[in-house]
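A, B, ... follow the sequence lines: proteins, then strands. Residue 1 opens every chain. All figures in this text were calculated on a predicted structure; none of them were measured in a lab.
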Amino acid sequence: MMTNTLLSLTLISAALTFMALLKENAEVAIIAAGAGLAFALISLIAGARIARRRAQDASQLQALKESSVEMTRKAQELETRLNAEQAARQDTQAQLNRAERFQETLQAEVDANNAKQKNLEAELQALRAQKAASGAAHHTREATDTAVLQFLRSLQERGRLLDFAMAEIHRMPDAQVGAAARVVHQGIKVVLQDYFDIQPISEESEGSVVNIPTVDSSKFRLLSRENGASAVQTRGRLLHRGWEARTIRLPQSMPHAAASARIIAPAEIDMQENRL
Amino acid sequence: MTTGNRIPIGIDLGTSHCAVSWAEPFSASSPALLEIPQLEGPAQIFKHGLLPSVLYIPADGEIAPDDRTLPWDSSGQAPLVGRWARELAQHSPERAIVSSKSWLCYGGRGQNVEEPLLPHKSAIEGRKTPRETARDFLSHIRAAWNDLHPGVDAGEHPLVLTVPASFDMLAREWTETAASEAGWQDLTLLEEPLAAFYAWLGAQGKDWRKQLKVGDLVLVCDIGGGTSDFSLIAVSEEEGDLRLDRIAVGRHLLLGGDNMDLTLAYHLQDKHNLNLDIWQFQALQHQARLAKEALLGTNMLDEFPIAIAGRGSQLFTQTISLTVTRQEVAEVLIEGFFPVCDVTTKVPRQRSLGLQELGLPYEKEPAITKQLANFLQEAQANVRASSLLQERIGERWRADEVSLLPTHVLLNGGVFHAPPLRQRLSRLLQRWVGKSLSILENPSFDHAVAHGAAAFAAIKAEGRKLRVRSGAARSYYIGIESNEPAIPGRKPLLQGLCIMPQGTEEGELLSLPDEQFGLWTGEEVSFRLFSADNRAGDPLGAVVRNAPAELEELNLVSCRLTSEQDAETLLPVYLTSELTELGTMQLAMQHSESPQSWKLEFHLRQEHG
């Protein structure tokens with residue numbers, strides 16, 4: 001646009017120059033020619049600039065065209081790959097479905113096994129309980145035996161009870177039996193007092209008439225009871241005061257106690273005699 | 001003071017039995033007795049409130065380890081103490097340690113205390129020192145406590161351990177060492193008569209102030225199985241409240257209930273002309289005790305039949321039987337041990353029995369009443385020597401009297417279960433004092449010492465003020481050779497310099513800056529240590545002219561100064577002494593020019609001769 005204007009201006013300047021030359025007006029011709037030249041120069045420069053920009057634009061356009069082609073190619077490529085992947089996914093899904101089905105089968109098997117195991121465990125527990133019960137029974141019996149043997153040991157150690165009970169007493173005169181009985185009496189009384197708190201059940205004196213208690217029937221033994229009469233009979237004669245262990249403080253057996261418990265009193269040997 | 005789960009524990013480490021009591025802090029309930037698990041027989045554990053102070057040393061293979069395991073020890077190697085040990089001791093006395101506590105007070109006299117001399121006069125392997133024996137009893141008690149009270153270790157609870165009032169500082173030191181070796185960390189020692197008095201105080205609650213008033217003087221007469229122990233407690237006033245001071249303790253008397261049983265056994269053996277073996281004699285002694293209890297007991301039997309079985313199983317042919325009458329028990333025991341005597345009766349002091357004599361210095365005078373009369377005279381002499389003590393007694397003090405007479409009496413010990421013995425002693429005291437004498441009621445003759453120890457531990461833990469001030473029961477001296485011109489054939493006198501006056505309070509630090517000693521570094525220096533129970537007037541630094549004659553010799557103490565300098569140097573030092581909070585004595589050499597000090601050790605190893 002500008003170049004066109006400049007060209008027009010150049011042409012106008014040339015026409016003015018020509019007209020000036022015709023009219024032999026040198027001054028105007030020179031000015032017009034100068035202006036014409038200037039316009040021509042300016043239009044030349046502007047033309048060159050425009051031409052350069054056009055060239056640039058053209059090369060850019062070319063580049064854009066090329067990249068567009070490239071993009072299209074890539075898009076095609078991607079599409080191809082997408083298609084391939086979709087196919088692969090379908091394949092995987094199929095595999096996955098197969099795996100799920102397989103897992104379900106396996107789970108069913110595991111469940112079955114678990115159930116079986118539970119049954120077995122229950123059976124085992126039952127067996128163990130059975131075994132423990134029989135063991136406990138054995139253990140209790142052994143512990144009881146040990147405790148009784150240890151109690152006997154104490155009675156022998158302090159009260160010579162076995163020496164007394166195992167002797168042939170019927171050949172002995174009363175005086176000797178009496179003397180021995182004191183040893184036994186004193187010793188076993190100490191043992192009984194150490195291990196129990198033994199008290200008479202009835203505080204009344206034997207032979208006296210007492211009220212028949214209505215509570216704690218296991219503590220009293222009612223003798224010569226007649227049918228029907230007992231319901232109205234409230235008194236009777238005390239024959240025996242009875243005994244009750246109010247507290248028990250028996251020693252505790254240690255593990256391995258059974259091993260030595262049968263030795264109620266070891267045989268004793270005086271080593272001094274050997275030296276003499 | 002109390003931290004959460006600390007339980008005050010009291011232990012009566014007795015000559016014949018140990019008892020353990022404990023108290024809930026800030027609780028009104030009375031102390032409870034610990035039921036101590038102990039072996040009763042092979043593989044058999046019995047819990048009992050008393051642990052017999054007997055330690056049995058079995059021969060190799062005599063007892064299977066399985067048979068002597070304890071709930072807390074499966075190795076079967078723990079020392080065998082208690083009821084089974086006592087039973088075994090009757091079969092094999094040469095393997096049993098009995099009355100080891102009496103040795104604790106005499107271990108340092110003639111013998112080397114680190115020498116395992118118990119069982120005495122026995123040649124078995126594995127003998128023990130008196131201290132080790134005490135340690136074994138205390139270890140058993142600690143383990144028993146831990147077994148019954150899981151959680152906090154017994155050693156961390158505050159412990160009050162009782163000792164005879166007549167125990168000197170060395171015996172106290174060894175008791176303390178035994179306890180710390182057994183794992184007890186928080187320990188205080190308490191005199192047994194004071195423990196019995198604390199049990200009485202505890203049983204009275206707040207009412208005790210109604211029973212005692214300013215100017216009263218309480219006599220505690222504690223007769224145990226092996227020892228008799230007397231103390232006097234003065235009641236005075238301080239800041240509007242009653243103040244209690246223990247102002248006198250008796251000498252160490254190896255005389256007690258066991259002597260009575262033995263005496264009765266000898267009497268019966270002689271009277272019936274019995275020929276007994278060692279086991280039968282032990283049975284006789286046991287029977288004599290039962291006879292004593294029965295004939296002097298409340299049921300007032302006239303006769304008591306005794307039967308002594310032989311060793312064999314033939315009970316009927318081998319049993320010896322005889323009868324003891326109340327009259328002969330009264331003659332032998334009441335007249336023998338509690339004869340009526342005047343308050344002026346004197347008992348000659350047994351001089352420190354030369355170093356050669358082995359064994360325990362049993363009392364030559366068995367009359368407890370005479371010993372008591374003698375104690376009251378010595379207490380009078382002791383107070384006469386100290387204006388401080390006279391102040392505590394106040395208006396009641398009479399300088400011209402021969403004896404210091406009590407206004408109240410508290411009897412303690414198993415022998416006082418027998419009413420005739422209580423009556424004899426209190427009537428005799430009333431004869432001396434007058435009808436005004438009151439008898440304080442003992443809550444338990446057998447357990448007052450243990451309960452009182454627990455009550456005292458609780459008082460301490462709660463930070464309460466109620467205390468019987470005791471301090472050092474004796475005064476202590478160090479031997480110094482006097483500077484005299486040498487005279488041929490005459491040894492220079494050994495003077496005694498008082499380093500701790502009687503009545504020194506716990507926690508008090510004493511120093512004698514005027515008496516300087518020159519000590520070479522790197523060398524061991526020994527001093528002879530003396531004590532006295534009747535010189536209350538001697539102040540710190542007092543000099544006794546002839547120490548070996550006027551004082552009782554205790555032991556050697558020694559000190560070794562280590563210095564970083566190679567050269568031997570003579571350092572000027574002076575002596576400091578301290579009565580520790582737990583009741584033992586500490587001696588140290590203090591450098592006079594620096595704050596450095598060196599502890600003096602009680603000489604545990606004494607050269608022979």
- Message: For A/Gln186 and B/Gln287: C-alpha separation, side-chain torsions, deciding distance, then whether side chain to side chain donor-acceptor pair (under 3.5 Å) applies.
- Response: CA-CA 10 Å; A/Gln186 213 165 58; B/Gln287 295 289 318; 2.5 Å; yes
- Query: Between B/Leu70 and chain A, which part of the residue has a heavy atom less than 4.5 Å away: side chain, backbone, both or neither?
  - Reply: backbone
- Task: Give the member of B/Gln314, B/Glu35, B/His91, B/Gln44 that has the highest number of heavy-atom pairs under 4.5 Å with chain A.
- Result: B/Gln44
- Message: Please classify the contact of B/Arg68 with chain A as side chain, backbone, both or neither, using a heavy-atom distance under 4.5 Å.
- Response: neither
- Message: Strictly distance-based, threshold 3.5 Å: is any side-chain N or O of A/Gln150 a donor or acceptor partner for the main-chain N or O of B/Ala43?
- Response: yes
- Query: When only pairs under 4.5 Å are counted, which of A/Gln176, A/Arg249, A/Arg160 shares the most heavy-atom pairs with chain B?
  - Reply: A/Arg160
- Message: Counting only heavy atoms from other residues, nucleotides and ligands, does the tally under 6.0 Å from CD of A/Glu268 exceed 12?
- Response: yes
- Are there more than 12 heavy atoms of other residues, nucleotides or ligands under 6.0 Å from atom CG of B/Asp60? no
- Locate the shortest heavy-atom distance separating A/Arg153 from B/Gly41; write the atom from each residue and the value. NH2-CA, 3.3 Å
- Is it the case that more than 12 heavy atoms not belonging to B/Asn275 sit under 6.0 Å from its CG atom? no
- Query: Heavy-atom distance under 4.5 Å to chain B: side chain of A/Glu168, backbone, both or neither?
  - Reply: neither
- Query: Going by heavy atoms in the side chains, are A/Asp194 and B/Phe46 under 4.5 Å from each other?
  - Reply: yes
- Task: Enter the distance from A/Met166:CE to B/Leu315:CG here, rounded to the nearest 0.5 Å.
- Result: 13.5 Å
- When heavy-atom pairs shorter than 4.5 Å are enumerated against chain A, which of B/Ile308, B/Ile306, B/Ile45 gives the highest number? B/Ile45
- Are A/Arg158 and B/Glu40 within salt-bridge range, i.e. N to O under 4.0 Å? yes
- Please indicate whether B/Tyr266 has more than 12 foreign heavy atoms, meaning atoms of other residues, nucleotides or ligands, lying under 6.0 Å from its OH. no
- Task: Can you see which heavy atom on B/Phe316 is nearest to which on A/Asp163, and at what distance?
- Result: CE1-O, 4.4 Å
- Message: Other residues, nucleotides and ligands only: do more than 12 of their heavy atoms fall within 6.0 Å of CD on B/Glu94?
- Response: yes
- Task: Heavy atoms only, distances under 4.5 angstrom: which of B/Thr319, B/Asp66, B/Ile320 has the most pairs with chain A? Name it, please.
- Result: B/Asp66
- Query: Is it the backbone or the side chain of B/Pro37 that comes under 4.5 Å from a heavy atom of chain A, or both, or neither?
  - Reply: neither
- Query: Which atoms of A/Gln156 come close to chain B, meaning under 4.5 Å heavy atom to heavy atom: side chain ones, backbone ones, both, or neither?
  - Reply: neither
- Query: What are the two closest non-hydrogen atoms of A/Asp270 and B/Trp279, and how far apart are they?
  - Reply: OD2-CH2, 3.5 Å
- Item | Heavy atoms from other residues, nucleotides or ligands near CG of A/Asp174 exceed 12 (cutoff 6.0 Å) | no
- Between A/Ser260 and B/Asp67, what is the shortest heavy-atom contact and its length? OG-OD1, 2.9 Å
- Task: Check the surroundings of atom CD in B/Glu125: do more than 12 heavy atoms from other residues, nucleotides or ligands lie under 6.0 Å from it?
- Result: no
- Query: Around B/Lys271, counting heavy atoms of other residues, nucleotides and ligands shown, do more than 12 lie under 6.0 Å from its NZ?
  - Reply: yes
- What heavy-atom pair brings A/Arg182 and B/Ala307 nearest, and what distance separates the two atoms? CB-CB, 3.9 Å
